[in-house]
There are 2 protein chains.
Amino acid sequence: MAGKPQRPFRFQLDLASGVPVYRQIIDQVRGGLALGTLRVGDQLPTVRQAAVELAINPNTVVRAYRELDLLGAIETHQGTGTFVSAQKVERGGAERQRQLDLMTGEFLARAGAAGFQVEEIIGRLEKIAKRKSI
Amino acid sequence: MAGKPQRPFRFQLDLASGVPVYRQIIDQVRGGLALGTLRVGDQLPTVRQAAVELAINPNTVVRAYRELDLLGAIETHQGTGTFVSAQKVERGGAERQRQLDLMTGEFLARAGAAGFQVEEIIGRLEKIAKRKSI
DNA sequence: AATAGTGTACTAGTTTACTGATACAGTCAA
DNA sequence: TTGACTGTATCAGTAAACTAGTACACTATT
């Protein structure tokens, strides 16, 4: 196991939020990846562990892990467990650009409708980028 | 009517995209607002016009307009029509900043999980901003 | 080889989401 | 007032989404 032994990642459910359980799991893994709480090689809770801990059906955990696996964020190994993958997501330039276009376009429409201008959004992102490079 | 008379906003459907029709309508209105294609006071196609033009049921248009109305993006007047609202979303600076933080943070987590870096996202947004100012 | 633990696959049941049909109520102009 | 046009409301049908139950297949350890 490439990752260091450490406290296992914990999921938390907000049943009042209306967000499907499997989606909450996905979002939490993604958040952990983006924030560095999860690192390459880290092991995620097993399907059964998570199911017991969250009092849900194992197949719901499977659903989340499967989607994360398809995204290339994690790797699942039958008999072994589920691990944060190397994140070497090699994607063709055109396909990748298209996805970026899609995500930014969608975000812009949403932020625009909430009254924000592109310029202030960029400003905010640049501030985050500065903080990140410290 | 506060807006200038001009060509009515047109919706376009992409039935192959898998995105629900009503959502496409919402997204297109929001996109129009963000890009300035739609301005305060502009009238949107009536429920029946849009339904006929898009070959869909009027209630599907109603669904979209209702959600946009709830968002405060438009105002619907029974017997009159549907208009882009004043968008005078008065929000305190701190509250507004907090929402911007929330939206950008969420977007970053998602984009980060998909493998994009802040810098390329900013680049993309700047390109859009340039196009807009032409 | 046996056992315990791992994820996978498949089916079924329930809930939610989406769209359509249609009647009702309001507005505006003639 | 009437008629045409406007959005609103309600119900119904269908598809999609979500979750659960359970057996199967693989891996690792003893």
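Each chain gets a letter, A, B and so on, in the order the sequences are listed, and its residues count up from 1.
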**OP:** For residues A:Glu53 and A:Pro45, determine if any side-chain heavy atom of one lies less than 4.5 Å from a side-chain heavy atom of the other.
**Re:**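 Contact flag for A:Glu53/A:Pro45 side chains = no.
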
Subject >> Heavy-atom side-chain proximity of A:Arg10 to A:Gln28 below 4.5 angstrom >> reply: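 Heavy-atom side-chain distance check fails, nothing below 4.5 Å.
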
Original post:
Among residues 18-25 of chain B, which contact DNA chain C at a heavy-atom distance under 4.0 Å?
Top reply: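 Hits under 4.0 Å, by residue number: B:Pro20, B:Val21, B:Tyr22.
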
Original post:
What pairs with B:Gln78 under side chain to side chain donor-acceptor pair (under 3.5 Å), at least two apart in sequence or on another chain?
Top reply: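 Side chain to side chain donor-acceptor pair (under 3.5 Å) list for B:Gln78, sorted by chain: empty.
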
Subject >> Near-strand residues of residues 52-66 of chain B, defined as heavy-atom separation under 4.0 angstrom from DNA chain D >> reply: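 Only B:Asn59, B:Val62 qualify.
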
For [X] and [N], what is the distance between atoms [atom1] and [atom2] respectively, to the nearest whole Å?
X: A:Glu75; N: C:dT8; atom1: CD; atom2: C1'; value: 17 Å
X: A:Phe83; N: C:dT6; atom1: CZ; atom2: P; value: 10 Å
X: A:Glu67; N: C:dG7; atom1: CD; atom2: P; value: 18 Å

[atom1]/[X] to [atom2]/[Y] distance, rounded to the nearest 0.5 angstrom?
X: B:Asn59; Y: B:Arg66; atom1: CG; atom2: CZ; answer: 6.5 Å
X: A:Asp42; Y: A:Thr37; atom1: CG; atom2: OG1; answer: 9.5 Å
X: B:Glu75; Y: B:Thr80; atom1: CD; atom2: OG1; answer: 11.5 Å
X: A:Asp27; Y: A:Asp14; atom1: CG; atom2: CG; answer: 12.0 Å
X: B:Asn57; Y: B:Arg63; atom1: CG; atom2: CZ; answer: 12.5 Å

**OP:** Of all the heavy-atom pairs spanning A:Tyr65 and A:Ile74, show the shortest one and how long it is.
**Re:**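 In this case the closest contact between A:Tyr65 and A:Ile74 is O-CD1, 3.3 Å.
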
Original post:
At their closest point, which heavy atom of A:Leu38 faces which heavy atom of A:Val29, and how far apart are they?
Top reply: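 Heavy atoms of A:Leu38 and A:Val29 come nearest at CD1-O, 3.9 Å.
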
Original post:
Can you get from B:Leu54 to B:Leu15 by hopping between Ile, Leu, Val, Met, Phe, Trp and Tyr side chains that sit under 4.5 Å apart?
Top reply: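 Shared cluster, yes.
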
Original post:
With respect to the phosphate group of C:dG7, does any side-chain polar atom (N or O) of A:Thr82 fall under 4.0 Å of OP1 or OP2?
Top reply: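 Yes, such a contact exists.
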
Subject >> Pairing residues for A:Phe11 by the ring-ring contact (aromatic ring centres under 6.0 Å, His included) criterion, not counting sequence neighbours >> reply: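 Result, ring-ring contact (aromatic ring centres under 6.0 Å, His included) vs A:Phe11: A:Phe9.
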
**OP:** At the 4.0 Å heavy-atom cut-off to chain B, mark where contacts on DNA chain D begin and end, going 5' to 3'.
**Re:**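 It runs D:dT6 to D:dT10.
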
Original post:
Do A:Ser85 side-chain atoms and A:Gly72 backbone N/O form a donor-acceptor pair below 3.5 Å?
Top reply: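 Between the backbone of A:Gly72 and the side chain of A:Ser85 there is a qualifying donor-acceptor contact (under 3.5 Å).
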
Subject >> Per-nucleotide protein contact string for nucleotides 23-30 of chain C, where B marks a base within reach and S marks sugar-phosphate only (heavy atoms under 4.0 Å, - for neither) >> reply: --BBBS--

